[in-house]
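Only one structure is covered here, and it is reproduced in the block below.
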Amino acid sequence: MMRVGPAKIRELLPEADSRKFSADVFAKTGVFVVRQAIPTSTMQRWQSEWDSFYAARLAEGRHVGRFNPVHVNEALPPVLAALPSEPALLDVIEQAFGPDIALFAHRFVIKDRNSRAAVFLHHDTCYHVGWPNKASAFVPLTAVTPENGALVFYPGTHQFGMLGDAGELNPDVIGDDWPTITPSLDPGDMILMNSSTWHRSLPHVGGPDRIMADIIYQPADDPSGSALLRGQWRTEIFLNKLPRQDWFKRSRSTMLKQMEEKISELQAQKKDLESQS
């Protein structure tokens, strides 16, 4: 595929927001807004399940991660856990990845009273395992606007691929000329985003809680697949059968963990000394 620069990407953006998905446009832009992708009856069932789940499990307090407060850590009820298998979603994914489709991961990312802040600019590939040919389907259960924490995308940045590290990206590197989009969404819409596309979210400053499923799809030849959703497996090896914590004898993650443990140990020693003096 021809890699295209910001001028061509800007020309393509009107075509990347439509009721009809284009695999060719998505390949170039790395993000596509599919309008009215999910049937109304299906959305209403998901919304009802979410309301019940939130009232029963999350309203009184949820487990809010220190580094990713928008991520819902609690186990989802069966109806919400089954969202990745929705045929209307898979019909779009098949156009991007072909007939053999697997799930990498599925979660909800929400902006409720526990997670109003903006999320910094990043891409997702550096946090994944397996091959980088993955895409997130963001499926809103509520209206999404800039006021309640919409996502901001940098179309075409997926073309940079792996960047060699993880963390907050610096938009100054690509300059002010690089196009961005901040789509407002209604329940029934979806956004498909290549996992290497740079994106961030705005702070929640008003309006309803922002509730979105984040379903990461990939071709079924990727050994990191967690479930087959359509077609057949194209791999005989699976990373989930290997203990991830043992893949590396030494890595950046293990060294950071050792440093944190050492700092905690030194802080405890300092506290003991201060209490004795």
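Side chains included, hydrogens not; waters and symmetry mates left out as well; all remaining heavy atoms used.
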>> I need the minimum non-hydrogen distance between Thr197 and His158, along with the two atoms involved.
In response: OG1-CB, 3.4 Å
> Taking atom OG of Ser85 and atom CG of Leu90, what is their separation to the nearest 0.5 Å?
Replying inline: 6.5 Å
>> As a quick check of understanding, evaluate side-chain hydrogen bond (donor to acceptor under 3.5 Å, both in side chains) for Glu15 and Ser22, giving each step before the final call.
In response: CA-CA 8 Å; Glu15 300 178 49; Ser22 168; 5.9 Å; no
> What about Ile110 and Leu80, same hydrophobic cluster or not, with Ile/Leu/Val/Met/Phe/Trp/Tyr joined at side-chain heavy-atom distances under 4.5 Å?
Replying inline: yes
>> Can you confirm whether Met255 is buried at CE, in the sense that more than 12 heavy atoms of other residues, nucleotides or ligands lie under 6.0 Å from that atom?
In response: yes
> Would a hydrophobic clustering, with Ile, Leu, Val, Met, Phe, Trp and Tyr connected at side-chain separations under 4.5 Å, put Met193 with Leu89?
Replying inline: no
>> Please verify the inter-ring angle class for Phe53 with Trp50; under 30° counts as parallel, over 60° as perpendicular, anything in between as tilted.
In response: perpendicular
> Can you find a pair of side-chain heavy atoms, one from Glu265 and one from Glu261, that are under 4.5 Å apart?
Replying inline: no
> Got a donor-acceptor contact below 3.5 angstrom from the Thr254 side chain to the Arg250 backbone?
Replying inline: no
>> Counting C-beta onward and ignoring hydrogens, is there a side-chain heavy-atom pair between Pro187 and Pro140 closer than 4.5 Å?
In response: no
> Would one find more than 12 heavy atoms of other residues, nucleotides or ligands at under 6.0 Å from atom CE of Met162?
Replying inline: yes
> Does one hydrophobic cluster hold both Leu192 and Met43, with members joined at side-chain heavy-atom distances below 4.5 Å?
Replying inline: yes
> Nearest 0.5 Å, what's the CG-CG distance between Leu151 and Leu185?
Replying inline: 8.0 Å
>> Does Gln159 form a side chain to side chain contact (heavy atoms under 4.5 Å, CB included) with Ile9? I'd like the steps, not just the answer.
In response: CA-CA 11 Å; Gln159 298 175 107; Ile9 293 163; 3.9 Å; yes
> Hey, does the side chain of Thr142 reach the backbone of Ile211 with a donor-acceptor pair shorter than 3.5 angstrom?
Replying inline: yes
> Is a donor on one side and an acceptor on the other found under 3.5 Å between the side chain of Asn194 and the backbone of Ala27?
Replying inline: no
>> Going by salt bridge (Lys or Arg N to Asp or Glu O under 4.0 Å), name the residues that satisfy it together with Arg45, two or more places apart in sequence or in a different chain.
In response: none
> Going through the distances and angles, do Ser195 and Thr125 end up as a side-chain hydrogen bond (donor to acceptor under 3.5 Å, both in side chains)?
Replying inline: CA-CA 5 Å; Ser195 292; Thr125 299; 5.0 Å; no
> Just by distance, do the side chain of Lys134 and the backbone of Val129 share a donor-acceptor pair under 3.5 Å?
Replying inline: yes
>> In the structure I gave you, are the side-chain heavy atoms of His106 and Leu76 within less than 4.5 Å of one another anywhere?
In response: yes
> Centroid-to-centroid, His122 to His199, below 6.0 Å?
Replying inline: yes
> How far apart are the C-alpha atoms of Ser115 and Arg62, what are their side-chain angles, what is the distance that settles it, and do they pass the side-chain hydrogen bond (donor to acceptor under 3.5 Å, both in side chains) test?
Replying inline: CA-CA 11 Å; Ser115 50; Arg62 61 184 179 89; 3.0 Å; yes
> Do the side chains of Glu86 and Thr42 get nearer than 4.5 Å, heavy atoms only?
Replying inline: yes
> From Leu83 CG over to Leu141 CG, what is the distance, rounded to the nearest 0.5 angstrom?
Replying inline: 7.0 Å
> Which residue pairs pass the salt bridge (Lys or Arg N to Asp or Glu O under 4.0 Å) test with at least one member in residues 25-37, sequence neighbours excluded?
Replying inline: Asp17-Arg35, Asp24-Lys28, Arg35-Asp189
> Can you list the steps and then say if Leu239 with Trp247 is a side chain to side chain contact (heavy atoms under 4.5 Å, CB included)?
Replying inline: CA-CA 10 Å; Leu239 290 177; Trp247 290 354; 4.0 Å; yes
>> Using modelled atom types and a 3.5 Å cut-off, is there a donor and acceptor pairing between side-chain atoms of Ser201 and backbone atoms of Val119?
In response: yes
>> Is it the case that the side chain of Ser226 and the backbone of Leu103 share a donor-acceptor pair, with hydrogens and angles ignored and the cut-off at 3.5 Å?
In response: yes
> If you take all heavy atoms of Pro208 and Asn148, which pair is closest and at what distance?
Replying inline: O-ND2, 3.2 Å
> With a 4.0 Å cut-off, would you call Asp222 and Arg234 a salt bridge?
Replying inline: no
>> Side chains of Ile181 and Val152, heavy atoms from C-beta outward: is any pair under 4.5 Å?
In response: no
> Rounded to the nearest 0.5 Å, what separation is found between the OG atom of Ser253 and the CZ atom of Phe248?
Replying inline: 8.0 Å
> Taking all non-hydrogen atoms of both residues, which atom of Ala88 and which atom of Pro39 are closest, and how far apart?
Replying inline: CB-CD, 4.0 Å
> Shortest non-hydrogen contact from His123 to Gly161?
Replying inline: CE1-O, 3.5 Å
> When you measure from the side chain of Tyr217 to the backbone N and O of Pro84, does any donor-acceptor pair fall under 3.5 Å?
Replying inline: yes
> Would you say the side-chain atoms of Arg116 pair up with the backbone N or O of Lys111, donor to acceptor, closer than 3.5 Å?
Replying inline: yes
> Does the pair Val139 and Met212 meet the rule for a side chain to side chain contact (heavy atoms under 4.5 Å, CB included), with working shown?
Replying inline: CA-CA 5 Å; Val139 182; Met212 288 197 300; over 6 Å; no
>> side chain to side chain contact (heavy atoms under 4.5 Å, CB included) for Asp165 and Arg252? Distances and angles first, verdict last.
In response: CA-CA 10 Å; Asp165 210 339; Arg252 285 178 294 182; 2.8 Å; yes
>> Please find the pair of heavy atoms, one from Phe160 and one from Leu163, that lie closest to each other, and give the distance.
In response: CB-CD2, 4.0 Å
> Can you list the residues that meet the salt bridge (Lys or Arg N to Asp or Glu O under 4.0 Å) rule with Asp91, with sequence neighbours excluded?
Replying inline: Arg230
> Below 4.5 Å, heavy atoms only, C-beta onward: do Pro223 and Trp131 meet side chain to side chain?
Replying inline: yes
> Strictly under 6.0 Å, is that where the ring centroids of Phe120 and Trp198 end up?
Replying inline: no
>> Quick check: do Phe153 and Ile191 have side-chain heavy atoms less than 4.5 Å from each other?
In response: yes
> Would you say the side chain of Val72 lies within less than 4.5 Å of the side chain of Val109, judging by non-hydrogen atoms?
Replying inline: no
>> Could you check whether any side-chain N or O of Ser136 sits under 3.5 Å from a backbone N or O of Phe138, counting only pairs where one atom can act as donor and the other as acceptor?
In response: no
> Applying the 4.5 Å side-chain criterion to the ILVMFWY set and letting contacts propagate, would Val25 and Leu13 be lumped into a single cluster?
Replying inline: no
> For the residue pair Arg210 and Gly149, what are the closest heavy atoms and their distance?
Replying inline: NH1-O, 2.8 Å
> Can you hop from Val92 to Val33 via hydrophobic side chains spaced under 4.5 Å?
Replying inline: no
> How about Asp176: does its CG atom have over 12 heavy atoms from other parts shown lying under 6.0 Å from it?
Replying inline: no
> Is the gap between the ring centers of Phe32 and Phe21 under 6.0 Å?
Replying inline: yes
>> I need the Thr180 OG1 to Arg200 CZ distance, nearest 0.5 Å.
In response: 7.0 Å
> If you measure from CZ on Arg10 to CH2 on Trp178, what distance do you get to the nearest 0.5 Å?
Replying inline: 9.5 Å
>> Using only atom types and a distance under 3.5 Å, with no angle test, would you say the side chain of Ser52 pairs donor to acceptor with the backbone of Glu49?
In response: no
>> Please report whether the ring centroid of His128 lies less than 6.0 Å from that of Phe104.
In response: yes
